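One structure below.
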Amino acid sequence: MSSRRRFLAGSAATLGLGSLPVTGAVGAPAATAAVAAAPEATTRPPNLVVVLADDLGHGELGAYGQRLITTPRIDGLAVDGLRFTDAYSTAAVCAPSRCSLLTGLHTGHATVRANPSGAQGSLTAADTTFAQVLRARGYRTGVIGKWGFGPESADQDSHPNARGFEEFHGYIDHGHAHQYYPAYLWHDGVKEPIAANAGGAKGAYAPDLLRERALDFLDRHAAEPFLLLLTPTVPHAPSDIPDTGAYASRSWSAADKGHAAQVSLFDALVGDVVDRLRALGLEDDTILLVTSDNGPHEEGGVNPDRFDANGPLRGYKRNLYEGGVRVPLIAWGPGRVLPGTSDRPTPLTDLLPTLADLGGAPAPADVDGLSVAPLLTGAAEAARHDHLYWFRDERGVTARADAQDRQRATWLAEALRKDRWKAVRFAPVRDHALPDDQWQVELYDLATDVGESSDLASRHPARVAELVALMRSSWQEQYPRTAFGTTLTVPASAVPGEPFPVTATLANGSARAWSSPAVTLRAPVGWTVRATTATTGGQLAPGARLTTGWQVTPSADAPAATPWTLTAEGTALAPGGPVRYAAAGRATTPPPAPTRDSHLSDLPWIHAVNGWGPVERDASNGKSAAGDGTPIAFGGTTYPKGLGVHAPSDVAFHLGGAGDRFTALVGIDDFSARQSSAGATRATVYGDDRVLVTTPVLTAATGPVPVDVDVRGVRVLRLEVTDANAKTSFDHTSWALARVTVVPGA
């Protein structure tokens, strides 16, 4: 067992990477030797468990003043651990809050800044999560429960497995996670049916299934450092639960009984995790964090006021007042976390740098979070934020939240806390660029008015101006990221027997230098790999990169229309110890080239990546959907033979040099326009990764744009659609009459 003294001495000790061997790789022996020579850890780094409730209010735990709902297990952790009084989610609704928690970016910078309204938001390849950060240091990583970022498919950048979690069990889709008796759950990249729930039956309660998965994860990885993110869906609406238990006899509504039972179930789940850690002898080797993604909900008939779910705070889920964003946060770890209470304003963006610090891992330097690891251990006071920022673009509305916002719950809104002062402002139109004098601004002194009942804006105009200026500087429509870890670039097509170039980059996006950087490449058996550049370097300064290249030749007998995986691994010696970042790319041996003029909907594609759902093919000549894609209409005119996509999308076809011209109409179709006028995209056509044409911004109002490009000599034709206004939920785009003509005699 670890003692507190051992932890404080050894928390930054080196963690070996012997569990992650590089086999069959082409690279430099020198780098391998440098990593192998790193000293082994003198003590075990802490296991890390984060348990995230769904819509659990600040006042719904006994440790935070709850009187009607019993939560003895978490209350005990609060006594034995560190309880934060001023912890904050980074949004008042689920998806943006969870994105910020994972990536360390507040909602003025994060990729996902709103709950889904249609297609859900997606993480991107540029989003580094705390799982990726810790996996590089040898942690076994898993997420069990609600993920909440689309699309609901495997093999895409937003999937948990692509964002650093080696194991995933649960819900990908945000809406699917509202089902407590789902017909299926995901296991990594596979949908696993739940037979007991088939046909609408209620035979298997999802929180119970997730509990078993979580305990199994602990059992299987007890001998190695692990990171577990456990995200059960309780107590999110509906108030479904097999047994309301101690609340069954209460004279409450069924929704309130179920809600109270869900909160107690969450408490019991946390207790089960603690009990299993103790049974495995891991109690002193683990740090556990318990928190929530936003304030209390009032959905499905639940009355949060019955439970005083927001305590003394104003607001609920969806409000940027304290009740909507201030959440419980408890850190527990005998011998590792100093018991007590902290009033440090602590946003959940701090989780990424904190977990990295605890695990001895480098973290991206461009995150908004600050590490509270020194505060947990009692070694020192943690750095404090100059200010905290929140952005809201929410279309959902509930009665109590709307009343707190004075009927502005669907308005664009921002909030900012600096020291004791909190400003909240509302825009009457959905335009963040609206001049400041057209926003409605309120100011509160949290030191004397934690319930935000007295608006002081008219009495402190200079303070208002200061906080509004900070709001303006905190929000960026696009937030370019500094590269971090390994990226790999491979062509879409890999022709058997023909060499092609591959490039990989190891980027040090942290704040401290790395030494002995190296990159290796693994290819399928039978393929040849030849380095064309140096694969090692001396030192990577912060912000520097090591870019490497290879010539890869598929085996001559590689079967057609088959995807193949290549993996690049970048290694280095960081200040906390050796790190290894892997990146995978997929090249497909192409199908035969077209021999006659063809619509793209009749050709097999090399790959099809779509932001939401499958790429829709219209193979019915516009006569019926027939399960193969809705016929496309622009301006009331229906066109056959099209492709329907949702940004970001990338669909590639093999022309093999036989093509002559590619023609199409591309735009936001009538069906999508009827759903919302907010969509805006841009389409680009590539020939062998060379831009052939890029459209202006496409909207329903501007209509489709004709495309007519020369594709002679092009082997791979790629159609890419990207978001043009940071509103991906409305970016369904169609390629109508998408057609390739071939060179006569080709």
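We count residues from 1, following the sequence as given. Note that the coordinates shown come from a computational prediction; the quantities given were computed from them, not determined experimentally.
A distance of 5.0 Å separates CZ of F165 from OG1 of T129, quoted to the nearest 0.5 Å. Rounding to the nearest 0.5 angstrom, the gap separating the CH2 atom in W147 from the CG atom in N161 is 9.0 Å. Note: T589 OG1 to I606 CD1 = 9.5 Å, rounded to the nearest 0.5 Å. The CH2 atom of W186 sits 6.5 Å away from atom OG of S153, with the distance rounded to the nearest 0.5 Å. Note: S598 OG to L655 CG = 10.0 Å, rounded to the nearest 0.5 Å. Taking CD1 of I172 as the reference point, atom NZ of K146 lies at 14.0 Å (rounded to 0.5 Å).
Between the side chains of T124 and D157, no donor-acceptor pair is found at a separation under 3.5 Å. Side chain to side chain, T548 and T535 fail the donor-acceptor criterion of an N or O pair below 3.5 Å. When only modelled atom types and interatomic distance are considered, Q551 and T532 share no side-chain donor-acceptor pair under 3.5 Å.
Closest approach of L229 to T231, counting heavy atoms only: CG-CG2, 3.6 Å. The shortest heavy-atom contact between V367 and G104 is CB-O, 3.5 Å. Here the shortest heavy-atom pairing between A673 and I668 reads N-CG2, 4.4 Å. Between T565 and A584, the shortest heavy-atom contact is CG2-CB, 4.1 Å. Taking every heavy atom of both residues into account, S158 and S122 meet most closely at OG-CA, 3.5 Å. Across every non-hydrogen atom of A177 and Y171, the tightest pair is CA-CD2, 3.3 Å.
A donor-acceptor contact shorter than 3.5 Å is absent between the side chain of T588 and the backbone of P590. Within the 3.5 Å criterion, the main-chain N or O of G549 finds no donor-acceptor partner in the side chain of T503. Side-chain atoms of T505 never come within 3.5 Å of backbone atoms of A507 as a donor-acceptor pair (strictly under, hydrogens ignored). T141 contributes a side-chain N or O that, together with a main-chain N or O of E166, makes up a donor-acceptor pair within less than 3.5 Å. Counting only distance, with no hydrogens or angles, the side chain of T694 and the backbone of T684 share no donor-acceptor pair below 3.5 Å. No donor-acceptor pair closer than 3.5 Å links the side chain of E167 to the backbone N or O of D188. Put simply, the side chain of N725 gets close to the backbone of A678: a donor and an acceptor are under 3.5 Å apart. Proximity of a side-chain donor or acceptor of S601 to a complementary backbone N or O of H599 within less than 3.5 Å is not detected.
Sorted by first and then second residue, the pairs that involve residues 650-671 and meet side-chain hydrogen bond (donor to acceptor under 3.5 Å, both in side chains), not counting sequence neighbours, are H607-D650, D650-R718, R661-D708, D669-S672, D669-H732, D669-S734. Applying the ring pair (Phe, Tyr, Trp, His ring centres under 6.0 Å) test to pairs two or more places apart or on separate chains, none has a residue in residues 688-707.
Salt bridge E192/R213: present, at least one basic N to carboxylate O contact under 4.0 Å. The pair R715-E498 meets the salt-bridge criterion, since a charged nitrogen lies less than 4.0 angstrom from a carboxylate oxygen. Ion pair R113/D393 not flagged as a salt bridge, since none of the NZ, NE, NH1 or NH2 atoms sits closer than 4.0 Å to an Asp/Glu carboxylate oxygen.
Residues meeting the side-chain contact (heavy atoms from CB on, under 4.5 Å) test with V697, sequence neighbours left out: A680, R682, T699, A724. Partners of W527 according to the ring-ring contact (aromatic ring centres under 6.0 Å, His included) rule, which considers only residues two or more places apart in sequence or in another chain, are W564. Here D688 pairs with nothing under the salt bridge (charged side-chain N to carboxylate O under 4.0 Å, His left out) rule; sequence neighbours left out. R395 pairs by the salt bridge (charged side-chain N to carboxylate O under 4.0 Å, His left out) definition with nothing, not counting sequence neighbours. Annotation: ring-ring contact (aromatic ring centres under 6.0 Å, His included) contacts of H109 (sequence neighbours excluded): H106, Y479. H169 meets the ring-ring contact (aromatic ring centres under 6.0 Å, His included) test with H187; sequence neighbours excluded. Applying the salt bridge (charged side-chain N to carboxylate O under 4.0 Å, His left out) rule to D173 yields no partners; only residues at least two apart in sequence or on another chain are considered. With sequence neighbours excluded, no residue satisfies salt bridge (charged side-chain N to carboxylate O under 4.0 Å, His left out) with R545. Scored by the side-chain contact (heavy atoms from CB on, under 4.5 Å) test, A736 finds I632, F634, Y639, L665 as partners (sequence neighbours excluded). Taking the ring-ring contact (aromatic ring centres under 6.0 Å, His included) definition, one finds that F168 meets it with H159, sequence neighbours left out.
By the 4.5 Å heavy-atom criterion applied to side chains, T128 and T103 are not counted as neighbours. L227 places none of its side-chain heavy atoms less than 4.5 Å from the side chain of R135. Put simply, the side chain of W735 does not reach to within 4.5 Å of the side chain of L600, judged on heavy atoms. Contact annotation: the side chain of L540 approaches that of L546 to within less than 4.5 Å [non-hydrogen atoms, C-beta and beyond]. For the pair I194/L185, a side-chain contact is recorded, criterion being any heavy-atom separation below 4.5 Å from C-beta on. Side-chain contact between V519 and W550: present, with at least one pair of heavy atoms (C-beta onward) separated by less than 4.5 Å. Contact check for L521 versus L488: side-chain heavy atoms found under the 4.5 Å cut-off. Side-chain contact between P524 and L566 is present, with heavy atoms from C-beta onward closer than 4.5 Å.
Exactly one residue among V609, V666, T733 makes a side-chain contact (heavy atoms from CB on, under 4.5 Å) with V645. That residue is T733.
The aromatic rings of Y184 and H176 sit parallel, their planes meeting at an angle under 30°, below the 60° perpendicular limit. In this pair, F391 and W475 present their aromatic rings tilted. The plane angle is within the 30 to 60° band.
Residue-environment remark: CZ (R712) stays at or below the threshold of 12 foreign heavy atoms within 6.0 Å.
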From CA spacing to verdict: side-chain hydrogen bond (donor to acceptor under 3.5 Å, both in side chains), T681, D731: CA-CA 6 Å; T681 60; D731 286 344; 5.8 Å; no
